[in-house]
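What's counted below: heavy atoms across the whole structure, side chains too, no hydrogens, waters or symmetry copies.
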Amino acid sequence: MILLSDDKLIIFNLLLLMSVLACEMKDILTFTAHERGKVEIRCPYESKYEKYKKYLCRGKCLRLFKDKAVESGSAPQDKRFSLTDNKTAHIFTITINHLRTEDQGKYWCGIETGPGNLDDFTQIHLEIKQ
């Protein structure tokens with residue numbers, strides 16, 4: 001066991017807190033579209049995730065129970081949603097057609113990073129205008 005002096009313990013805890021906050025402070029991407037129209041949600045990602053599965057999740061997007069609207073390599077739950085992955089530009093795009101007011105809200109662009117790892121997320125806010 002490593003013993004730290006009070007000053008070092010305080011500094012250690014501050015650094016730990018700052019690193020956690022930095023991980024949580026990703027930008028929220030906001031998209032606005034009109035009811036009955038369409039929106040293209042662009043989700044940039046790092047090149048290391050090129051070959052990983054991508055998805056769009058609705059609501060809270062819990063670790064084990066995700067409401068995936070669409071994911072790469074699978075048919076969407078709702079045919080209005082589609083996903084394309086531009087591996088050269090490192091952006092995957094979700095298109096939602098025939099927008100409804102109930103489509104408004106919080107979404108997450110997600111990348112499955114493998115068993116035992118937390119997925120990489122970017123929060124999305126979708127606003128629907130009438």
Side-chain angles (χ1 to χ4, degrees):
M1 177 156 80
I2 299 172
L3 296 174
L4 298 175
S5 68
D6 287 343
D7 290 341
K8 288 181 181 176
L9 187 59
I10 290 170
I11 291 170
F12 174 78
N13 284 331
L14 285 173
L15 289 172
L16 182 62
L17 178 62
M18 287 171 45
S19 68
V20 169
L21 290 175
C23 290
E24 297 296 320
M25 289 184 168
K26 273 191 167 181
D27 290 333
I28 298 173
L29 302 178
T30 301
F31 293 86
T32 304
H34 291 278
E35 190 175 19
R36 295 183 301 280
K38 80 172 187 176
V39 66
E40 290 185 350
I41 298 171
R42 290 179 178 81
C43 304
Y45 61 88
E46 296 176 44
S47 60
K48 67 181 179 182
Y49 294 129
E50 227 173 74
K51 296 182 181 187
Y52 290 77
K53 185 177 274 193
K54 284 84 173 183
Y55 60 88
L56 181 73
C57 185
R58 293 183 249 235
K60 292 185 180 184
C61 203
L62 303 171
R63 183 177 171 137
L64 295 176
F65 302 103
K66 294 178 178 73
D67 181 9
K68 293 181 182 177
V70 63
E71 66 182 311
S72 55
S74 299
Q77 294 176 8
D78 184 332
K79 301 259 187 239
R80 299 177 305 126
F81 290 75
S82 64
L83 186 151
T84 57
D85 187 4
N86 182 333
K87 293 181 180 182
T88 305
H90 302 115
I91 296 173
F92 67 99
T93 304
I94 292 94
T95 303
I96 310 172
N97 292 298
H98 310 293
L99 288 163
R100 306 172 185 153
T101 54
E102 60 263 28
D103 292 326
Q104 180 167 296
K106 186 189 296 186
Y107 292 83
W108 300 88
C109 291
I111 301 170
E112 287 185 7
T113 57
N117 296 323
L118 293 176
D119 289 355
D120 188 62
F121 290 108
T122 301
Q123 186 176 343
I124 304 295
H125 177 74
L126 177 59
E127 184 179 328
I128 306 297
K129 294 189 176 196
Q130 295 185 357

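A salt bridge links Asp103 with Arg80; the closest basic N to acidic carboxylate O contact falls under 4.0 Å. Salt-bridge formation is not detected for the pair Lys48/Glu50: no Lys NZ or Arg NE/NH1/NH2 atom is positioned less than 4.0 Å from an Asp or Glu carboxylate oxygen.
Both the sub-6.0 Å distance and the 45° axial angle are not jointly satisfied by Lys54 relative to the ring of Tyr49.
In this structure, Thr113 contributes its side chain and Leu118 its backbone to a donor-acceptor pair below 3.5 Å.
Taking NZ of Lys87 as the start and OH of Tyr45 as the end, the distance is 6.5 Å to the nearest 0.5 Å. Interatomic distance, CD of Glu40 versus OG of Ser82, reported as 8.0 Å (0.5 Å rounding). One finds the CG atom of Leu56 at 11.5 Å from the OG atom of Ser72 (value rounded to the nearest 0.5 Å). A distance of 9.0 Å separates NE2 of His125 from CD1 of Ile28, quoted to the nearest 0.5 Å. Taken to the nearest 0.5 Å, the SG atom of Cys43 stands 10.5 Å off from the CG atom of Asp120.
Between Phe121 and Trp108, the angle of the ring planes goes over 60°, which puts this pair in the perpendicular group of the 30/60° scheme.
With sequence neighbours excluded, the residues forming a side-chain contact (heavy atoms from CB on, under 4.5 Å) with Glu112 are Lys53, Tyr55, Lys68, Glu71, Asp119, listed by chain and number. For the ring-ring contact (aromatic ring centres under 6.0 Å, His included) test, no residue two or more places apart in sequence or in another chain qualifies with Phe81.
Leu83 and Ile94 get closest at one heavy-atom pair: CD1-CG1, 4.2 Å. Heavy-atom minimum distance, Arg42 versus Leu29: O-CD1, 3.8 Å. Taking all atoms of both residues into account, the shortest heavy-atom contact from Ile96 to Ile41 is CD1-CD1, 4.1 Å. Shown here for Leu126 and Gln104, the closest heavy-atom pair between the two residues is O-CG, 3.0 Å. Closest non-hydrogen pair, Leu99 versus Ala33, comes out as CD1-CB, 3.3 Å.
Ile91 is listed as a side-chain neighbour of Pro44, based on a closest heavy-atom distance under 4.5 Å. For the pair Asp67/Gln77, a side-chain contact is recorded, criterion being any heavy-atom separation below 4.5 Å from C-beta on. Counting only heavy atoms from C-beta outward, the side chains of Thr93 and Thr95 approach each other to under 4.5 Å.
Crowding of His34 atom NE2: a count of heavy atoms from other residues, nucleotides or ligands under 6.0 Å not exceeding 12.
Between the side chains of His90 and Glu46, no donor-acceptor pair is found at a separation under 3.5 Å.
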Trace of the side chain to side chain contact (heavy atoms under 4.5 Å, CB included) decision for Cys57 with Tyr107: CA-CA 6 Å; Cys57 185; Tyr107 292 83; over 6 Å; no
